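Here the structure comes first, spelled out in structure tokens, and everything after it is commentary.
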Amino acid sequence: MDERIVKLLAEKGLDALLVSGAANMRYLAGFTGEGYVVFTKRGQYVLTDSRYTVAAEEEAPGFQVIEVHKPYPEELSVLFAEDEKVGFEGEKMLYADFEGIRDGISQICLSPIAGELDVLRQVKEQWEIDRIAKAEEIGDKAFDAVLGFLKPGLTELEVAAFLEYQMKCFGAEDLSFNTIAAAGLNSAKPHAVPGAYRLQEGDFLTMDYGALYQGYHSDMTRTVVIGKASEEQKKIYHIVLEAQLAGVDALRAGLRGSDVDKVSRDIIANAGYGANFGHGLGHCVGLEIHESPRLSPKDETVLLPNMVITVEPGIYIKGFGGVRIEDTLVVKEGGSLNLAHSPKKLIEI
Ligand code: ZN
Ligand code: ZN
């Protein structure tokens, strides 16, 4: 069994572990389908239905693959001994699945664990960083392509579709998340959903998107102006850019997430827009798009070398528009390595 799992079981006083989160199943066993990865003192198993059994045998060679049948995996019951304490991911398992297992396997004690498995994924191996870097490269290529495509009259949906098409042409297996292409007043919504709105001269256009590459995500945001930027737009853009550059410059191992957040947040607050920056400065990226730790006023986690994290300040003004600029970086001793290479100077289309 994975040494880290042995240690976790000992620390939590558990006899076995039932893993159901997709990212953790993939990380710990290599399994990419639906089901459970189970660690006991007697063996390690992948439980899945017939759709994924062949894939599981290929993906998880050190694990015994057991085919299960719904509604609850009865096959689990033979894996656990009487009175064993079985940890499960309380934040990932559906309540209905929990009920099925609890009521179906009465001889065990189910005990929720919180984010302990996610913590194992915080510091990335070099091969993981390489995959994220490749995903970022795909995002950079899509940005380069979209600059030649943008023009007044396009809908936000057309802009999003173009970015998505380009990412897949450049090798993305999927999208990191639903693409954000928000123009005009919609750019004041940090997580706007693209719609039928057509780009007009004088609009901000915020594009936040990412590629999935061999299971790993990229995440980048750029904001451009359609036509000529007004003085007010230039002012807002440059405050966000200054805050983003300062956050990137500050990012290094040994600082807490809250320390880096404060560097960027203070710049925006001192410029008078503190109330217009409501979200955290950044989040880690890996097998999931949003991972811990975060760069936020509340996150006291000390950053470690080879965590991969975003720096993404923004200013959002209702009735005017918004700007966000986001890179994804590898935390290093004494600094960071930026995986995003798209230009950040104000681009007027
Ligand atoms: Zn993003
Ligand atoms: Zn992000």
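Remember, it's a predicted structure, so these values are computed and weren't measured experimentally. Just follow the structure's listing: the first ligand is 1, and inside any ligand the first atom is 1.
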Quick one: sort the Phe162 and Phe149 rings into parallel, tilted or perpendicular, breaks at 30° and 60°.
parallel
Report the atom name of the nearest N/O/S atom of Glu312 relative to the Zn ion (ligand 2).
OE2
Residue pair Asn306 / Lys332, side-chain heavy-atom distance below 4.5 Å
yes
With respect to the Zn ion (ligand 2), please indicate if Asp208 possesses an N, O or S atom at a distance under 2.8 Å.
no
Let me check your reading of the structure: within less than 2.8 Å of the Zn ion (ligand 2), is there an N/O/S atom from His283?
yes
Looking at Glu312, Arg294, Glu291, which one forms a side-chain hydrogen bond (donor to acceptor under 3.5 Å, both in side chains) with His283?
Glu312
Give a yes-or-no answer on whether the side chains of Thr206 and Thr223 include a donor-acceptor pair shorter than 3.5 Å.
yes
Can you find a side-chain donor-acceptor pair between Tyr216 and Glu128 that sits under 3.5 Å?
yes
Atom name of the N, O or S atom in Glu326 that lies nearest to the Zn ion (ligand 1):
OE1
Do you know which N/O/S atom name in Asp219 is closest to the Zn ion (ligand 1)?
OD1
